[in-house]
Amino acid sequence: MSHQQIDQFAHRLDKGVRDSVLGGSAAGTEKRRQVLFGDLPNADSLRALAGRIKQHTLEHLDRYLEAAEERLIDNGAKVHFAWDAASACQQVETLLRERGVRQVTKSKTMVSEEIELNRHLAEKGFDLVETDLGEFIVQLDGDHPSHVVKPIIHKNRSQIAKTFERCGLGDYNDDPETITRRAREYMRRKYLSAEASITGANFVSAESGRLCIVTNEGNSRFGLAGARVHIALVGIEKLVPDDRSLSLMLNLLGRSATGQNLTVYTEFIRGPRQPEAISGPEEMHVIFVNAGRTETLASDCREILRCIRCGACMNVCPVYRQSSGHAYRSVYPGPLGAVLSPLLAGSARFAEFADLPKASSLCGACNEVCPVDIPIPDLLLRLRDRAHREHAPAAFDDAPNLKPWAMLAKSPAAWRMSLRAANMLNIVPLGFLPFGPLGRWTSQRTLPSWRGGRYRQWAAERKKQKNNPS
Amino acid sequence: MNDRARIFSAINDALTPLQERAALPELDPAQWVCPSRLTEGGSWEDFRRNFEAVNGTFLTSFEALSRLLRDANATEGYADPGLLEELPETFRDGLTLHETIDRGSIDRYAFGITRAHAAIAESGTVILRDLDTPDRLAALAPWIHITLVAKEALFSNVTEAIDDLGEDPNTVWVTGPSKTADVEGILIEGVHGPGIQVCLPI
Amino acid sequence: MMTCLCDAFFDDVARATHEVLESLGIEVIVPESQTCCGQPAFNGGDWASARQVIRHTLNVFQGDCPIIVPSGSCAAMSFHGALLAHEKETDLPQVQAFGARTWEICDFLRNGLGIESWEGRLDARVAIHSSCHSRGTGTPEAIRTLVGSIAGVTLLDFTQPEQCCGFGGTFSVTFPHISGSMGRLKIDSVRATHPDLLVSGDMSCLMHLNGLAEKQGSPLPVKHAIQVLRDARVTPVTVQ
Ligand code: SF4
């Protein structure tokens, strides 16, 4: 059968996991749509507008990144830059070590997944706890998140209850409320004892240097209320030009991600706390992380850097729904990941992920919901072209060779002949069908009967009749 | 080359070949004001509706607040010292109010009363700033969080509130109780922060 | 433009297109040298081959009369995909001009000719599957309006209408399991409304869905939208 890894993965996927993912991603689609379009009558033009703002920012990133850096320094924060994952991990480690920190809380950040920060810090003997409930469960299981907004979409309550039991968080109990309360109890001790808290940032305003961080649980806020050192890991593409842009982005993000008009906790952080404040970090460090982004910026798929990680594209993606996030073998799953993962991997490892852009029927549902209007199908196609030009083997597992077909399609005489010959022999000419190999088609479906050239005949007859009406 | 120089030079290399660069579009914030959420012209009535839609508890009197605390068996809590004089004697009767949060006994506080800088009618949001709420823990650790907000401090929409962000190093917008749907998509309130979010305009 | 799929399998769809246009007093020209819009190679990532086919098609359809296609997918290939494939090529303007003349048939009837309702009669419960490549075009609304306006037609709403049927060209053979599962989901939601007819503007979706349904042992009654329009109004013809 198929050798495409994602199709294989989907085929072998545990039924329980498939049901969780299918149900979990489909749930709320209608609500998100209603909230977006019900609240904002011209939502489509706002998506386009937000896309243009982000595109503009990316195409002037030098300017905006520098402005944000200056503002943050003015506001009393320390700004660092990390070229790649290793550098980012090292810098976090050094900051913690220099301050004698051992206990750390961390609220959900996708860039920390990219750089595998948890593994790095654990190896170096730090005690880091993920504070987002889903990420906490992922951490306990030694697993990986399978969705950018719903990290444990692939797990059900009984698996979670077993994990909690195993990790000493109480007897087996699969009531979601109990699970949540137990995490609450556990986590508040951590917030108060941790000396440092690591966060990401959803946006950074170049105008004010403001970091904007959103969570529903309040975990980022609590982490930052407890700790004295704040380290924010921020991908360099997170910038927006000004605070006004934040207003639009926030309006779109909550609605697209979870059907909320705003996420519950929306934090705006300009710098370390003021001396009068009783809680909050005295030190704020922002590490701007590259990790493949400049290479993506140089590519003809730079639009993907507009992404604000709302997860809407994976929720509606029929391929994601069937195959789950882990099928994509990378931090970012779904349509977003199918574009971003091969690019972030960099030219040296592009080939390894060159099959991801193939895992799409190009249905365009992702583009329709994307709050920053990323033309994902177009980007998937550009990457397919690139994989083809670079002869990336992963992209060709099982893919029909279309050269013979193209030869036929540009030689009308041969094309017609093939139609006729097949008719006489009553076969389906394989070179003709762009969907071959035929067995792959018929393994799942029947094929309609061959009627090659019939319309041509009819049209020719019709023309004759018209020319000589008798 | 250090990481910073390397990143800036790579950005430059990436952007230099672009023949044209996308212009910054005009922003007209009126475009993303939600008409259906502001049927009363951005009043407290709008706030109430939108706040209740996110399961916020909107109260208009200290009597109502007393009842809520009594029903929840909440007798001991925190009140921002700057707010004490706003709290009527009758309300304080029978309550143990602390003016600081002791990090060692965080579970002692059943409620926290803090001052909100303002509220947003369109989204049902209360705005907390470090300047007004010196101890962030007071708004996070107790199960019940009560914000008092001046009646005149109401923004109609999100953009007005953004324009007002100002110089405070830390502002947080709170739109309802802390919540999660991580377990099978089932909504649970009160994850790390409060399970009950009260707003009382004064 | 008849599309390679109609050239090979669904001659009656091309013929219905022809007949409907003629019945409206439009002269139909069928260039003999036409083959395909180039989409299979384009979607497959072989853009170099795709461009060869697109250039051939460009050549065949010179002039300035509208080009009508009985497929939302091939139409989208002409006015969107071909432009993408040629974005760095010098003949991009010709490709753009070609795309600007290309219409999906129902979009043409509704938005090109301004037809608002369709005469004739069809007593049937009809489910309409909007093909993904017609997203954002005039086609889905055109099909609903025109087919829905036929006397006797009841339009049915099935769940998750925005979900793809799983065809996706070469996707259907390189990702057979996912493609099959997607199709079966679609079939289930369509069947739940008990339609007499499943209608779409793309034979590719219908070929895939009916192919799956037949494999399950119970075929779906499918028709292209233009066949429905033709059969309702023009004297029904027996297909040879
Ligand atoms: S690509 Fe668009 S839809 Fe997908 S996560 Fe990013 S912003 Fe959301």
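By convention in this document, chain letters (A, B, ...) are assigned in the order of the sequence lines, proteins followed by strands, and residues within each chain are numbered from 1.
With a 4.5 angstrom heavy-atom cutoff, A:L380 does not touch chain C via any of its atoms. Heavy atoms closer than 4.5 Å to chain C are found in the side chain of A:R462, but not in its backbone. Contact of A:R386 with chain C is not made at all, since no heavy-atom distance falls under 4.5 Å. Only the side chain of C:F10 has a heavy atom closer than 4.5 Å to any heavy atom of chain A. Both the backbone and the side chain of A:A409 come within contact range of chain C, with heavy atoms under 4.5 Å apart. Contact annotation for A:K463: neither backbone nor side-chain heavy atoms come within less than 4.5 Å of a heavy atom of chain C. Interface remark: C:Q160 contributes side-chain atoms only to the contact with chain A (heavy atom separation under 4.5 Å). For chain C, the nearby parts of A:A359 are the backbone and the side chain; heavy atoms of each come within less than 4.5 Å. In this structure, chain A has a heavy atom under 4.5 Å from the side chain of C:L185, while its backbone stays farther away. Heavy atoms of A:D300 lying under 4.5 Å from chain C belong exclusively to its side chain.
For the set C:G168, C:C6, C:S33, the count of heavy-atom pairs under 4.5 angstrom toward chain A peaks at C:S33. Chain C forms the most heavy-atom pairs under 4.5 Å with one residue out of A:P357, A:C317, A:G364, A:S323, and that residue is A:G364. Heavy-atom pairs under 4.5 Å with chain A were tallied for C:C132, C:G183, C:G136; the largest tally goes to C:C132. Heavy-atom pairs under 4.5 Å with chain C peak, among A:P318, A:A406, A:A26, at A:P318. With chain C as partner, the option from A:K466, A:M407, A:E30, A:R321 having the largest number of non-hydrogen pairs under 4.5 angstrom is A:R321. Contact tally against chain C (heavy-atom pairs below 4.5 Å) for A:N367, A:V316, A:D378, A:I6: the top residue is A:D378. Per-residue heavy-atom pair counts under 4.5 Å with chain C were compared for A:A460, A:P377, A:S360, and the maximum is reached by A:S360. Chain A forms the most heavy-atom pairs under 4.5 Å with one residue out of C:V60, C:V30, C:V13, and that residue is C:V30. In terms of non-hydrogen atom pairs under 4.5 Å with chain C, the most contact-rich of A:L22, A:L381, A:V319 is A:L381. Highest contact tally toward chain A, considering only C:E87, C:E162, C:R184, is held by C:E87 [criterion: heavy-atom pairs under 4.5 Å]. By number of non-hydrogen pairs under 4.5 angstrom with chain A, the leading residue of C:Q39, C:Q216, C:Q34 is C:Q34.
Of the possible donor and acceptor atoms, none in the side chain of A:S146 sits under 3.5 Å from a partner among the backbone N and O of A:G325. Under a 3.5 Å cut-off, the side chain of A:R302 and the backbone N or O of A:S299 do form a donor-acceptor pair.
Between the side chains of C:D202 and C:H133, not a single donor N or O lies within less than 3.5 Å of an accepting N or O. Side-chain contact of A:R416 with A:S411: a donor-acceptor pair under 3.5 Å is absent, judged by distance alone. Between the side chains of C:H18 and C:E22, at least one donor N or O lies within less than 3.5 Å of an accepting N or O. For the 3.5 Å distance criterion, the side chains of C:D231 and C:Q227 fail to qualify, holding no donor opposite an acceptor.
Within the cation-pi definition used here (under 6.0 Å to the ring centroid, within 45° of the axis), A:R456 does not qualify as a partner of A:W458.
Between C:T3 and C:C36, the closest side-chain pair of non-hydrogen atoms is not below 4.5 Å. Between C:V69 and C:E104, every side-chain heavy-atom pair lies at or beyond the 4.5 Å cut-off.
Around atom NE2 of A:H326, more than 12 heavy atoms belonging to other residues, nucleotides or ligands sit under 6.0 Å away.
Note that CZ of A:F9 is 10.5 Å distant from CD1 of C:I178, once rounded to the nearest 0.5 Å.
Of all non-hydrogen atoms in C:C165 and C:H129, the two that sit nearest each other are CB-NE2, 3.8 Å.
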